[in-house]
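The block underneath contains the structure these notes are about, expressed in structure tokens.
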Amino acid sequence: METRNITLSLPVALIKKAKVLAAQRDTSVSALVRESLEQVVSSGIYEETDKQTYEEAMADLLAAMRKGFPLDVARNKVSRDELHER
């Protein structure tokens, strides 16, 4: 299995507890994280829903970028006060 490194930002207290647990289990923190993620993914918590897939979302975004966005405030007849309403 090919692996790839990632960087995580975790609370210091959690890291300390994870190191202790890993030592107790004679394993590494990376192995604990990998096992936990594998459990979450395989348990069905991660399921595809009716949401767009990544590819569909990317295609939509690229199409919108090609079309462009109206940035001409005068053309859209938006006043400065309307833009800065709170």
Side-chain angles (χ1 to χ4, degrees):
M1 167 178 39
E2 181 182 351
T3 62
R4 180 177 291 169
N5 292 333
I6 63 169
T7 301
L8 298 172
S9 296
L10 302 170
V12 173
L14 179 61
I15 294 170
K16 287 180 182 180
K17 290 177 183 178
K19 286 181 177 183
V20 170
L21 181 62
Q24 290 171 345
R25 294 185 179 182
D26 195 31
T27 189
S28 65
V29 174
S30 290
L32 289 177
V33 172
R34 180 176 46 255
E35 290 168 12
S36 296
L37 284 173
E38 285 172 350
Q39 256 184 340
V40 169
V41 171
S42 66
S43 70
I45 294 173
Y46 172 77
E47 295 179 8
E48 286 214 24
T49 62
D50 294 336
K51 294 180 182 178
Q52 292 180 315
T53 64
Y54 173 83
E55 291 80 14
E56 291 170 336
M58 183 59 77
D60 290 348
L61 175 63
L62 291 173
M65 290 173 68
R66 281 187 207 97
K67 180 180 176 186
F69 301 96
L71 300 176
D72 183 5
V73 174
R75 186 179 79 212
N76 292 321
K77 300 188 192 291
V78 177
S79 71
R80 182 180 185 282
D81 292 333
E82 288 173 320
L83 287 175
H84 296 280
E85 277 183 5
R86 296 193 188 250

Can you check whether M65 reaches L61 side chain to side chain, under 4.5 Å on heavy atoms?
-> yes
Is L21 reachable from V12 through a run of hydrophobic residues whose side-chain heavy atoms are each under 4.5 Å from the next?
-> no
One should read off an interatomic distance between S30 OG and N5 CG, to the nearest 0.5 angstrom, of 8.0 Å
What's the shortest heavy-atom distance between A22 and V29, and which atoms?
-> CB-N, 3.8 Å
Spatial distance of atom OG1 (T27) from atom CD (E35) [nearest 0.5 Å] | 5.5 Å
So which heavy atom on L10 is nearest to which on I15, and how close?
-> O-CD1, 3.6 Å
